[in-house]
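Each remark here refers to the structure printed beneath this line.
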Amino acid sequence: MIVKSVLISLVLLVVLAVSACAEGEVYVIRIEGLIGPVTSRYFVKTLERATSEGAHCLVVELDTPGGLDLSMRDMIKATLNSEIPVIVYVYPSGARDASAGVFITLAAHVAAMAPGTNIGAAHPVEIGKESSEEMKEKLTNDAAAYIKSIAETRGRNSEWAEKAVRESVSETEEDALKKNIIDFIAKDLDELLEKIDGKKVSVGDAEVILKTKDATRKRIPMSPRENILSRLANPNIAFILLMLGFYGLFFELSHPGAIFPGVVGGICIILAFFSFQTLPINYAGVLLIILGMGLFIMEALTPTYGPLAIGGVVSLVLGATMLVDTDLPFLRVSWSVIIPVVMVTAAFFLFGMGMVARAHRRKPTTGRRGMIGLKGDARATIDSRQGQVLVHGELWSAISEQRIKKGERIKVVDVDGLVLKVETLQS
């Protein structure tokens, strides 16, 4: 009986140990690019799902140049009030954690970075309009107080956090670890989960010991809709969509009834303006782009051999560079996008539409207008009442105000029904 009791106890201990190890899953998401409304909704929704499904913790793989203040604050509120630990991991190597990303990382229960990454440069920039020095100072003070409060809440280096806002300082992962900005350095997710295993973190009023070493991972990707919407919040995509929309509408207007170009163009225009909602758009840039397209069309239809085309290129380039009203490099339209789009547009209108215009001006080769000017031979005497000519390999009835003898060379000057009006071809 004693042996049996010991065996039962051992089995129960093993079951309890296995249950403890398997307690909850580690949910993993990836946030890459600008922090915006779509990113914020994705994070908050996944955190709520992880909590309701009993996940042990949520790991956020982060690589961001920054983003919108309101979206950042929504993510931080959700993190600070989370019922499960949130681990922010700046990953992979080469990733950055700047601006809004710094706030989000400092708010996490556990902060980690991969080798070859950096964190910092969190100075606030008001985008979309000019601000007075007083307003800029207010924004900086507000951001500095906010990030300092977050850092103190998590027991991290609040002095450095304030410098990241006021002086835009930035640190490598090694320096960040030494200065108590982050908690761990890990080369990949496996190493991270092994290193944080057993760490005690405060979640609300309770303390939680992380059990991640042998935990099951569950990746929660963005839905197709979220993925598309997040990619639209990109200045380069917005610019390309705007140009494609113009192309589509131009084709539809120049070839009524084609339908497909008009449908595609309309969709692209609508998507472009959706992108503009999440970006600080300067509508003077939009007007310059429209002007540039108009100048290209005028050059193609009424060739001026240079001035209008040059004006179109200048207008399109200026419009693209002014499209997003900000000093932040990651929010501007890239030159690697502007130059190819402008060159393709110029080539299309100068050569493609130029050929169409020349075709319209070319002398017709069929019908009434196509007959005028053709040369032939008189096959019978021609006068003002009757005659016959051979033109273009065909026999035609012909008349002439002057008498033309059989065998003489003639030229068609007009067509009246099926009768050609001709005259003697002067040698």
Side-chain angles (χ1 to χ4, degrees), residues 16-32 43 46-51 53-64 75-76 78-97 101-120 150-158 160-161 171-221:
L16 289 173
V18 171
S19 300
C21 290
E23 180 187 354
E25 294 177 301
V26 173
Y27 279 39
V28 183
I29 64 172
R30 176 150 188 79
I31 294 178
E32 188 173 12
F43 171 79
T46 307
L47 182 57
E48 290 174 351
R49 174 182 168 181
T51 303
E53 294 180 358
H56 184 60
C57 62
L58 174 66
V59 176
V60 181
E61 295 177 345
L62 186 64
D63 178 10
T64 179
M75 295 174 68
I76 291 173
T79 301
L80 294 177
N81 293 285
S82 174
E83 297 177 14
I84 62 172
V86 176
I87 296 96
V88 172
Y89 178 33
V90 184
Y91 177 84
S93 294
R96 58 177 167 172
D97 185 17
V102 181
F103 288 76
I104 294 168
T105 301
L106 293 178
H109 298 88
V110 178
M113 297 173 67
T117 56
N118 66 284
I119 183 172
I150 292 170
E152 289 174 349
T153 299
R154 296 302 186 202
R156 298 199 171 97
N157 191 332
S158 59
W160 178 89
E171 307 290 347
T172 64
E173 78 284 355
E174 293 289 349
D175 291 335
L177 183 63
K178 291 176 183 177
K179 295 180 180 181
N180 189 31
I181 302 166
I182 62 171
D183 305 303
F184 298 98
I185 296 175
K187 65 180 180 181
D188 54 32
L189 184 60
D190 292 335
E191 184 176 335
L192 173 66
L193 295 182
E194 186 174 342
K195 283 188 172 182
I196 66 175
D197 185 68
K199 181 176 175 59
K200 185 185 294 184
V201 295
S202 297
V203 180
D205 296 329
E207 288 196 341
V208 175
I209 298 176
L210 294 174
K211 300 173 183 178
T212 56
K213 185 176 181 180
D214 298 311
T216 305
R217 296 95 180 266
K218 184 175 183 179
R219 284 196 172 268
I220 309 295

Side-chain donor/acceptor pairs under 3.5 Å, residues 201-209, sequence neighbours excluded:
none

Sequence neighbours left out, what passes side chain to side chain contact (heavy atoms under 4.5 Å, CB included) with [X]? Give chain and number order.
{"X": "Glu174", "result": "Thr172, Ile185"}
{"X": "Glu32", "result": "Arg30, Asp63"}
{"X": "Thr117", "result": "Val90, Ala95, Met113, Ala114, Glu173"}
{"X": "Thr46", "result": "Ile29, Tyr42, Leu58, Ile220"}

For a quick test of reading the model, state the closest non-hydrogen atom pair linking [X] to [Y] and the distance between them.
{"X": "Leu106", "Y": "Ala161", "result": "CD1-CB, 3.8 Å"}
{"X": "Ile104", "Y": "Val88", "result": "O-CG2, 4.0 Å"}
{"X": "Arg156", "Y": "Thr105", "result": "NH1-O, 3.8 Å"}
{"X": "Leu62", "Y": "Gly101", "result": "CD2-O, 4.0 Å"}
{"X": "Ala151", "Y": "Ser158", "result": "CB-CA, 3.8 Å"}
{"X": "Pro115", "Y": "Ala186", "result": "CD-O, 3.5 Å"}

Once rounded to the nearest 0.5 Å, what's the spacing between atom [atom1] of [X] and atom [atom2] of [Y]?
{"X": "Asp188", "Y": "Tyr89", "atom1": "CG", "atom2": "OH", "answer": "5.5 Å"}
{"X": "Lys200", "Y": "Leu210", "atom1": "NZ", "atom2": "CG", "answer": "11.5 Å"}
{"X": "Ile87", "Y": "Ile196", "atom1": "CD1", "atom2": "CD1", "answer": "4.5 Å"}
{"X": "Arg219", "Y": "Glu25", "atom1": "CZ", "atom2": "CD", "answer": "13.5 Å"}
{"X": "Lys195", "Y": "Leu193", "atom1": "NZ", "atom2": "CG", "answer": "12.0 Å"}
{"X": "Ile182", "Y": "Asp175", "atom1": "CD1", "atom2": "CG", "answer": "10.0 Å"}

Tell me every residue that passes salt bridge (charged side-chain N to carboxylate O under 4.0 Å, His left out) with [X], counting only those two or more places apart in sequence or in another chain.
{"X": "Asp190", "answer": "Arg217"}
{"X": "Lys178", "answer": "none"}
{"X": "Arg154", "answer": "none"}
{"X": "Lys179", "answer": "Glu171"}

Original post:
Does CD belonging to Glu83 count more than 12 external heavy atoms closer than 6.0 Å?
Top reply: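 No, CD of Glu83 has 12 or fewer neighbouring heavy atoms, counting only those of other groups under 6.0 Å.
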**OP:** State whether the number of non-hydrogen atoms from other residues, nucleotides or ligands found under 6.0 Å of Lys213 atom NZ is greater than 12.
**Re:** no
Subject >> side chain to side chain donor-acceptor pair (under 3.5 Å) involving Lys199 - partner list, sequence neighbours excluded >> reply: none
Subject >> Any residue meeting side chain to side chain donor-acceptor pair (under 3.5 Å) with Asn118, in chain and number order, not counting sequence neighbours >> reply: Ser170
Any donor-acceptor pair under 3.5 Å linking the side chain of [X] with the backbone of [Y]?
{"X": "His109", "Y": "Val86", "result": "yes"}
{"X": "Asn180", "Y": "Gly155", "result": "yes"}
{"X": "Asp183", "Y": "Ala112", "result": "no"}
{"X": "Thr79", "Y": "Ala108", "result": "no"}

Original post:
Under the side-chain contact (heavy atoms from CB on, under 4.5 Å) criterion, do Leu192 and Leu189 qualify, and how do the steps go?
Top reply: CA-CA 5 Å; Leu192 173 66; Leu189 184 60; 4.2 Å; yes
Subject >> 4.5 Å side-chain heavy-atom contact, Leu47 and Ile84 >> reply: yes
Original post:
Do Val26 and Thr216 come close enough that some side-chain heavy atom pair is under 4.5 Å?
Top reply: no
**OP:** List for me each residue that meets ring-ring contact (aromatic ring centres under 6.0 Å, His included) alongside Tyr27, sequence neighbours excluded, and say none if there are none.
**Re:**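 Residues passing ring-ring contact (aromatic ring centres under 6.0 Å, His included) with Tyr27: none at all.
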